[in-house]
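The sequence lines fix the lettering, A, B, ..., with proteins before strands; numbering per chain opens at 1.
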Amino acid sequence: MCGRASDAIDPTGYGPYEFSHIRIPWRKLYNISPGQEIRIARRVDGAPDHRYVRWGLVPFFAKAEPDQLPVWKFPTFNARSEELEQKASFRHTLKRQRCLVLINGFYEWTGEKGHKTPHYVFLPDYRPFALAGLWDRWTSKDGALELVSCTVLTRAAGDFVRALHSREPVILPEDRYDAWLDEGNANWQRVLKGGDEPPLQEYVVSGYLNRRGAEGPECILEERTRGN
DNA sequence: CCAGACGTTGTT
DNA sequence: GTCTGG
DNA sequence: CCAGACGTTGTT
DNA sequence: GTCTGG
């Protein structure tokens with residue numbers, strides 16, 4: 001899965017996009033959920049772009065009431081990387097609408113419903129990294145309304161995350177950012193695979209994360225049960 | 001032809 | 001059970 | 001992703 | 001918009 005993320009470390013200076021050389025005001029966020037805005041880097045007609053978009057891809061063909069944004073009722077905040085070409089909601093974005101979803105950690109849950117335990121998954125020093133994503137742009141017929149949105153690709157969990165869940169987001173190493181964003185690169189499947197496992201770390205955080213509107217450093221405080 | 005779907009994760 | 005809001 | 005709502009008439 | 005099912 002990957003249905004909750006943080007973007008809480010200033011990205012300045014990280015990565016070839018400098019996360020990115022097109023600067024936008026960065027929002028320090030510890031608890032980003034589907035439906036909210038998340039930060040991406042992409043190319044639009046070849047030109048680099050860096051912005052916030054809705055997390056949960058709304059296809060360009062979605063229907064909407066007059067003067068309203070569309071309501072897309074299928075969960076599209078994740079897309080299975082193995083089946084992209086068979087999915088009407090994502091297929092059309094593969095050629096020219098790839099993006100990097102820029103975060104510095106994500107959450108995974110263990111346990112039964114009603115007793116869900118959130119875990120925080122991140123890299124050494126909480127450093128920022130990029131997930132493979134796809135974006136789309138919906139516009140109203142009269143062109144007055146626009147909705148740019150994205151999805152995070154998932155894959156079978158690797159050795160580390162497998163202890164928590166069966167699926168995980170596709171993490172791109174820096175040396176693959178350009179290959180993923182390159183429209184000319186039809187061999188996108190290879191870009192998503194291979195490479196070393198990133199040196200992920202993980203710990204349990206408190207149930208504070210599950211509260212509506214939870215935000216701030218408390219979201220990633222390591223839970224210490226009993227003493228310590 | 002028209003109508004309806006278009007999805008994920010984690011399930012019983 | 002299913003949808004909405006965060 | 002999880003948590004919380006899920007409703008009407010007629011109102012303080 | 002495009003595909004599938006009837």
(message) In whole Å, measure the gap between the P atoms of dT8(B) and dC1(D) for me.
(response) 11 Å
(request) In whole angstrom, give me the gap between the P atoms of dA3(D) and dA5(B). (result) 30 Å
(message) Using the C1' atom as the point on both nucleotides, what is the distance between dG7(B) and dT11(B), in whole Å?
(response) 15 Å
(message) Dot-bracket for DNA chain C, please. Rules: Watson-Crick or G-U, both distances under 3.5 Å, ( ) within the strand, [ ] when a pair crosses earlier ones, | for another strand, . otherwise.
(response) ||||||
(message) Rounding to an integer number of angstrom, what distance separates dC2(B) and dG10(D) when you compare their P atoms?
(response) 46 Å
(message) When the C1' atoms of dC6(B) and dG4(D) are compared, how many Å lie between them, rounded to an integer?
(response) 28 Å
(message) Rounded to whole Å, please give me the gap between CZ in Arg4(A) and P in dT9(B).
(response) 16 Å
(message) Give the residues of residues 55-75 of chain A touching DNA chain E, defined as any heavy atom closer than 4.0 Å, sorted by residue number.
(response) Phe60(A), Phe61(A), Lys63(A)
(message) Counting only heavy atoms and a strict 4.0 angstrom limit, can you tell me which residues of residues 27-34 of chain A come near DNA chain C?
(response) Ser33(A), Pro34(A)
(request) Quote, to the nearest angstrom, the C1' distance that separates dT2(E) from dT9(B). (result) 26 Å
(request) Return the value, rounded to whole Å, for the distance between atom OH of Tyr120(A) and atom C1' of dC1(D). (result) 15 Å
(message) Rounding to an integer number of Å, can you tell me how far Glu168(A) CD sits from dT8(B) P?
(response) 16 Å
(message) Tell me whether the count of non-hydrogen atoms from other residues, nucleotides or ligands lying under 6.0 Å of CD in Glu112(A) goes above 12.
(response) no
(request) Among Arg43(A), Arg42(A), Arg137(A), Arg23(A), find the residue that satisfies the salt bridge (Lys or Arg N to Asp or Glu O under 4.0 Å) test when tested with Asp49(A). (result) Arg42(A)
(message) Just the rounded figure in Å: distance from P of dC1(D) to CD of Glu108(A).
(response) 10 Å
(request) Taking atom CG of Asp67(A) as the centre, report whether more than 12 heavy atoms of other residues, nucleotides or ligands fall under 6.0 Å from it. (result) no
(message) Checking contacts here: which listed nucleotide (dC6(B), dG10(B), dC3(E)) is nearest the side-chain heavy atoms of Ser89(A)?
(response) dC6(B)
(request) With heavy atoms under 4.0 Å as the rule, sort Phe77(A) into base, sugar-phosphate or nothing. (result) base
(message) Has Glu183(A) got a side-chain atom pairing as donor or acceptor with Lys95(A)'s backbone, closer than 3.5 angstrom?
(response) no
(message) Check this for me: Glu222(A), atom CD, are more than 12 non-hydrogen atoms of other residues, nucleotides or ligands nearer than 6.0 Å?
(response) yes
(message) For a quick test of reading the model, state the closest non-hydrogen atom pair linking Leu209(A) to Tyr107(A) and the distance between them.
(response) CD2-CD2, 3.3 Å
(request) Mark yes or no for whether Tyr52(A), through its side chain, and Arg27(A), through its backbone, hold a donor-acceptor pair below 3.5 Å. (result) yes
(request) Write down the distance between CG (Leu84(A)) and P (dG7(B)), rounded to a whole number of angstrom. (result) 10 Å
(message) Under 4.0 Å, heavy atom to any atom of DNA chain C: which of residues 207-215 of chain A qualify?
(response) Arg212(A), Gly213(A)
(request) Looking only at side-chain atoms of Trp109(A), point me to the closest of dT8(B), dC6(B), dC1(D). (result) dC1(D)
(request) Name the closest nucleotide to the Ala88(A) side chain, picking from dG1(E), dT8(B), dG6(C). (result) dG1(E)
(message) Would you say Asn104(A) and Ser6(A) are linked by a side-chain donor-acceptor pair, where the criterion is simply a distance under 3.5 Å?
(response) yes
(request) Give the rounded distance in Å between these two atoms: CZ of Phe90(A) and P of dA5(B). (result) 17 Å
(request) Could you pull out all residues at least two apart from Arg80(A) that satisfy side-chain contact (heavy atoms from CB on, under 4.5 Å)? (result) Glu82(A), Glu83(A), Thr154(A), Arg167(A)
(message) Looking at Tyr30(A), is its backbone amide N or carbonyl O close enough to the side chain of Glu215(A) to form a donor-acceptor pair, meaning the two atoms are under 3.5 Å apart?
(response) yes
(message) Using whole Å, what does the distance between atom C1' of nucleotide dG7(B) and atom NE2 of His92(A) come to?
(response) 14 Å
(request) Output yes when a side-chain donor or acceptor of Trp180(A) lies under 3.5 Å from a complementary backbone atom of Leu192(A), and no otherwise. (result) no
(message) By nearest atom, which of the nucleotides dT9(B), dG10(B), dG6(C) is closest to the Thr154(A) side chain?
(response) dT9(B)
(request) Determine the minimum heavy-atom distance between Ala62(A) and Trp72(A), stating which atoms define it. (result) CB-CE3, 3.8 Å
I'd like a table of donor-acceptor pairs (distance under 3.5 Å, sequence neighbours excluded) in which one partner is a side-chain atom from residues 121-128 of chain A, with atom names and distances.
unit_1	atom_1	unit_2	atom_2	d
Tyr126(A)	OH	Tyr203(A)	OH	3.0

(message) Please find the pair of heavy atoms, one from Ile40(A) and one from Leu102(A), that lie closest to each other, and give the distance.
(response) C-CD1, 4.0 Å
(message) Can you confirm whether more than 12 heavy atoms, excluding those of Asp45(A), are under 6.0 Å from its CG atom?
(response) no
(request) Can you tell me the distance, in whole Å, between the NZ atom of Lys116(A) and the P atom of dG6(C)? (result) 21 Å
(request) State whether Arg167(A) places a side-chain N or O below 4.0 Å from either non-bridging phosphate oxygen (OP1 or OP2) of dT9(B). (result) yes
